[in-house]
Novice: 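Sending over a structure as structure tokens; questions will come in a sec.
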Amino acid sequence: MTSEALLSRLRDLLGDRVSTGAAVRDHHSRGESHHAAVAPDAVVFPASTAEVQAIVAACAEHRCPMTPFGAGSSLEGHVIPVHGGVSIDLTRMNRVLRLSVDDLDVTVEAGVTRKQLDRHLQSTGLMFPLDPGADATIGGMAATRASGTTAVRYGTMREAVLGLTVVTADGRAIRTGTRARKSSAGYDLTRLMVGAEGTLGVITEVTLRLHGRPEAVAAATCWFDSMEGAVASVILIVQLGIPVARVELLDEVMMDATNRHSRLNRPVAPTLFFEFHGLSDANVDEQARAVGEIVADQGGHDFERAASPEARAALWQARHDVYYAALALRPGSRGWTTDVCVPISKLAECITETQRDVAGSRLIGPLVGHVGDGNFHVMMPVNPDQPEDIAEAHRVTDRLVERALAMGGTCTGEHGVGLGKMKFLEAEHGAAALEVMRAIKQALDPHNLMNPGKILPPTRPPIPDLRPPCGKIRAMRTTSVFATARRT
Ligand SMILES: Cc1cc2nc3c(=O)[nH]c(=O)nc-3n(C[C@H](O)[C@H](O)[C@H](O)COP(=O)(O)OP(=O)(O)OC[C@H]3O[C@@H](n4cnc5c(N)ncnc54)[C@H](O)[C@@H]3O)c2cc1C
């Protein structure tokens with residue numbers, strides 16, 4: 001069989017939901033990160049699990065690499081089809097399949113986005129609280145084990161996903177998990193697939209745990225003379241068990257960027273953003289009062305509640321826009337984002353050492369943190385065409401990850417491995433654990449076709465032979481290997 005034969009089979013299956021057009025391939029050639037783009041040879045848009053099965057079976061037969069694609073908002077080059085092949089875009093699988101208000105759970109197709117789900121739940125009194133900022137798909141969030149600003153209270157995708165439907169590399173559809181809140185039945189395949197970044201299969205359906213929508217919500221901010229005071233406040237808040245729904249830290253460089261980008265006029269100083277959820281106004285008032293006392297003790301200034309829901313929304317919009325505020329510091333740049341997470345007692349030390357390191361480098365590095373979890377990002381706007389920028393960003397990241405690992409932390413708290421964090425996996429997990437991961441990959445994807453080149457660093461020889469029948473592989477592809485098939 002030849003690549004023309006595969007393309008023709010995909011067209012038989014999906015009709016015009018197969019694209020080899022340059023614009024569509026270009027859209028699927030990268031996520032939001034700085035990594036070099038590589039276009040897939042073709043993009044397919046399945047509308048059901050059965051269609052995904054047929055696509056995967058056809059690609060497997062032709063030994064053609066496949067890369068699942070959600071909203072493309074990931075930050076480590078996850079969706080870049082480094083070995084070409086077919087990009088499987090799940091966005092047309094966007095139906096909410098089932099909702100149980102009594103059980104607080106919902107089953108959705110993988111392409112449903114977080115905001116779409118929120119709109120669907122609006123009138124039910126329930127919510128899906130995980131918020132990675134971007135309007136990511138639920139499938140992409142599961143695949144990256146995402147979290148975000150609300151993880152401090154509601155957990156991450158690891159806790160939110162009850163079960164999945166996954167199409168494995170040979171085209172079988174398996175169900176993992178049930179709707180039960182707990183289970184001891186066998187290996188936990190749900191947790192294996194959550195965070196697998198499309199390297200073990202394509203997630204087509206996700207059953208999620210929901211939460212009641214809070215009756216009362218309040219937001220507040222507060223600034224500090226020093227980073228230490230801000231972090232010490234957060235440690236006390238977490239240790240005392242005050243159930244803050246969000247607590248986010250922006251350093252002075254990020255506050256400056258945010259003031260400019262979001263037209264705020266706040267002190268250029270380390271600043272904490274809080275959100276409180278409760279059953280009543282009295283309940284959130286109590287949380288806010290307790291937090292206000294703690295921050296005052298730690299040298300916090302102007303602990304201010306947002307005066308209205310609109311003011312609260314504006315505050316959190318500004319927080320969500322920090323990535324773009326950081327990029328705006330260097331027009332035309334792309335984002336290089338670090339993502340370490342450390343035990344919270346080490347957070348102040350890790351942040352202040354990192355700030356010193358960034359200040360001594362040639363790059364700007366505004367910092368934002370989901371500090372209640374010990375997770376923070378340095379967002380360095382880089383020019384990908386400038387080797388000095390890239391080399392410096394590598395050096396800063398290497399030192400930061402080394403620092404975090406020495407403190408008992410991880411190289412990635414929520415963004416995932418993709419291409420960017422592969423080189424740190426052995427240092428984090430050890431060679432033996434990496435061998436076990438490779439054995440799992442080999443067992444589930446023996447021909448290395450599911451998002452190849454991600455998560456597991458290459459062994460020697462580094463690149464599997466994925467040449468024809470799928471197509472000749474080049475680092476930066478400009479024409480589709482299917483172009484000839486299109487013309488004939
Ligand atoms: C401004 C901004 C802020 C962000 N903030 C956060 C944050 O606070 N927390 C956080 O966790 N992330 C954050 N992110 C990163 C990003 O939003 C998450 O990684 C998100 O989970 C990716 O979802 P997606 O639908 O865009 O997936 P994509 O980027 O399309 O894909 C991500 C990975 O998942 C795989 N994948 C996608 N769909 C499937 C599927 N159905 N089955 C199997 N594999 C699949 C892909 O192959 C790829 O490896 C942010 C991104 C941006 C741009």
Side-chain angles (χ1 to χ4, degrees), residues 27-28 30-35 40 46 49 52 56 65-82 85-94 108-116 130-152 155-158 160-161 164-169 193-206 246 248 317 319-327 334-335 337 339 341 368-370 373 375-377 379 412-420 445 450-455:
H27 176 69
H28 293 80
R30 70 181 332 152
E32 283 279 333
S33 67
H34 60 89
H35 298 89
T49 298
V52 174
V56 170
M66 296 159 256
T67 306
F69 192 99
S73 70
S74 46
L75 296 170
E76 291 293 354
H78 300 69
V79 290
I80 301 172
V82 284
V86 172
S87 178
I88 304 178
D89 184 315
L90 279 300
T91 51
R92 300 214 187 161
M93 292 187 63
N94 62 356
V108 300
E109 289 184 323
V112 166
T113 69
R114 170 182 84 73
K115 288 186 182 167
Q116 182 193 342
L130 267 71
D131 179 0
D135 192 16
T137 63
I138 301 296
M141 288 175 67
T144 53
R145 206 184 296 128
S147 51
T149 52
T150 56
V152 64
T156 71
M157 285 303 272
R158 184 180 60 190
V161 176
L164 299 168
T165 301
V166 181
V167 175
T168 55
M193 294 294 171
V194 171
E197 302 182 6
T199 61
L200 300 179
V202 184
I203 298 167
T204 57
E205 294 177 10
V206 188
R246 308 181 205 241
E248 297 282 301
Q317 191 57 51
R319 160 59 193 90
H320 281 321
D321 288 345
V322 295
Y323 182 71
Y324 301 103
L327 291 186
R334 293 202 60 99
T337 310
D339 181 34
C341 186
V368 61
H370 310 303
D373 305 315
N375 182 203
F376 69 91
H377 312 298
M379 294 180 171
T412 173
E414 58 180 16
H415 293 164
V417 178
L419 294 171
D445 182 18
M450 302 300 315
N451 203 0
K454 309 291 165 54
I455 298 193

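Start at 1 and go down the list; that is how both ligands and their atoms are numbered. In this chain, numbering begins with 1 at the start of the sequence shown.
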Novice: Please confirm whether the backbone N or O of H370 pairs with a side-chain atom of N375, one donor and one acceptor, at under 3.5 Å?
Specialist: no

Novice: Does atom CZ (R334) have a neighbourhood of more than 12 heavy atoms from anything else shown, all under 6.0 Å?
Specialist: yes

Novice: Do the side chain of N451 and the main chain of P81 share a donor and acceptor less than 3.5 angstrom apart?
Specialist: no

Novice: Using a threshold of 4.0 angstrom between heavy atoms of the protein and any atom of ligand 1, which residues qualify?
Specialist: E32, P68, F69, G70, A71, G72, S73, S74, L75, H78, V79, L90, A110, P132, A134, A136, T137, G139, G140, M141, A143, T144, A146, S147, G148, E197, G198, G201, V202, I203, Y323, Y324, H370, E414, H415, N451

Novice: Looking at R319 and E248, is there a salt bridge between them, counting it only when a charged N and a carboxylate O are closer than 4.0 Å?
Specialist: yes

Novice: State whether the side chain of D131 and the backbone N or O of G148 hold a donor-acceptor pair below 3.5 Å, judged by distance alone.
Specialist: no

Novice: Look only at the side chain of R114 and the backbone of G133, and say whether a donor-acceptor pair between them is shorter than 3.5 Å.
Specialist: yes

